[in-house]
Amino acid sequence: MIGLDDITQAQARIAPYLTPTPIEAVAGLGKGVWLKLENANKTHSFKIRGALNALLSLDESARRHGVIAASSGNHAGALAYAARLSGVSAQILMPKTTPQKKIANVRACGAEAVIFGDNYDETEGEALRRAGNPRIWISPYNDPAVIAGAGTIGLEVLDQLADVARVIVPVSGGGLMAGVATALKSRQPDIEVIGVNARSAPAMHNRFHSRQLPQVWNTLADALSGDIEAGSITLPICLRHMDDIVLVDEAQIAAAMRYLLAAGWVAEGGGAVGVAALLDDLLPAVDGATVVVISGGNVDLSALRTVLRQTWQ
């Protein structure tokens with residue numbers, strides 16, 4: 001388990017490199033709804049928080065060996081950027097389905113992008129096989145430093161907005177949820193923390209609700225794809241702190257992406273799932289402010305064209 005001290009230390013560690021992301025009120029999603037815009041962060045994703053905290057926490061031996069990771073995009077881009085800032089060598093394995101924009105971002109930062117596997121699970125398996133020879137494995141979610149970095153979002157929300165009643169968080173492997181929920185519940189235990197899974201990748205939903213819904217790889221929410229690693233520390237943290245988790249399908253995600261674009265923000269499918277849940281009234285109204293974490297904005301142009309074409313049919 002990680003605690004509030006880990007998150008406050010992460011906040012101090014990354015503060016010289018990152019500024020707090022904006023929080024913006026929006027109309028059309030219910031009373032008192034705000035967006036926490038991680039798509040406005042460095043590398044256009046919340047992932048930079050955890051990646052940077054993890055690399056800044058490495059000892060000198062680990063820094064010399066370099067790091068290795070697997071990612072469908074945002075963790076890769078964040079780790080590549082953090083590696084450049086900290087002077088650490090990074091090798092990142094990426095599935096064949098990764099959007100070209102995300103591959104290009106990794107290489108532009110000077111990291112090595114290795115394309116391997118038809119889906120994230122295959123990619124992660126190969127990266128884990130290579131880890132320790134001699135590179136240090138940095139999980140996109142199953143790592144205390146990564147989770148603590150993500151948790152800084154929760155601290156920022158409490159600093160930026162009074163009367164927070166509910167925070168809605170995208171969920172895949174659970175690193176973002178584990179960090180944010182720990183920060184929020186440690187400071188204000190009465191805040192409701194709700195997760196949103198894409199129906200294509202319902203791993204956390206299945207664990208929370210004791211279901212066995214299947215995983216699908218072809219999805220707009222490519223950043224949320226994949227199962228939860230066996231023994232992941234995120235699972236018990238999420239099950240302890242998360243109040244509920246809901247599912248959204250592809251049509252709902254596409255509608256949320258269009259809504260955010262009309263509001264002036266580009267969000268990837270995985271980053272928009274919280275908005276999708278509110279647009280389709282999957283969650284009841286609450287007294288007080290609702291904050292929706294928009295976790296990333298690295299949408300491939302072909303996916304964005306597909307989403308926009310749906311409005312013309």
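Everything numeric here is computed off the predicted structure, so don't read it as measured data.
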Sort out for me which residue in E38, K42, Q160 forms a side-chain hydrogen bond (donor to acceptor under 3.5 Å, both in side chains) with T21.
E38
Shortest non-hydrogen pair, P170 vs L176, comes out as O-CD2, 3.8 Å
Within the 4.5 Å heavy-atom criterion, are [X] and [Y] side-chain neighbours or not?
X    : Y    : answer
R211 : P202 : no
L4   : R187 : yes
L260 : L35  : yes
V106 : K102 : no
L247 : L213 : yes
R135 : S89  : yes

Establish whether [X] and [Y] are linked, either directly or via other cluster members, by ILVMFWY side-chain heavy-atom contacts under 4.5 Å.
X    : Y    : value
V146 : I7   : no
L56  : I153 : no
L261 : V248 : yes
L55  : I136 : yes

Candidate pair D244 and H209, rule side chain to side chain contact (heavy atoms under 4.5 Å, CB included), full reasoning:
CA-CA 9 Å; D244 198 4; H209 292 290; 3.3 Å; yes
Inspect the contact between D6 and R13 and indicate whether a charged nitrogen and a carboxylate oxygen are less than 4.0 angstrom apart.
no
Could you tell me the separation between the [atom1] atom of [X] and the [atom2] atom of [Y], rounded to the nearest 0.5 Å?
X    : Y    : atom1 : atom2 : value
M177 : T182 : CE    : OG1   : 10.0 Å
E122 : L93  : CD    : CG    : 12.0 Å
L184 : I191 : CG    : CD1   : 5.0 Å
C109 : I92  : SG    : CD1   : 8.5 Å
T123 : M94  : OG1   : CE    : 9.5 Å

Any side-chain donor paired with an acceptor under 3.5 Å for [X] and [Y]?
X    : Y    : answer
E24  : W265 : yes
D300 : S302 : yes
S45  : T43  : no
N119 : Q215 : no

Side-chain donor-acceptor contacts of residues 278-295 below 3.5 Å, not counting sequence neighbours, with atom names and distances?
| from | atom 1 | to | atom 2 | distance (Å) |
| --- | --- | --- | --- | --- |
| D280 | OD2 | Q252 | NE2 | 2.5 |
| T290 | OG1 | R166 | NE | 3.2 |
| T290 | OG1 | R166 | NH2 | 3.2 |

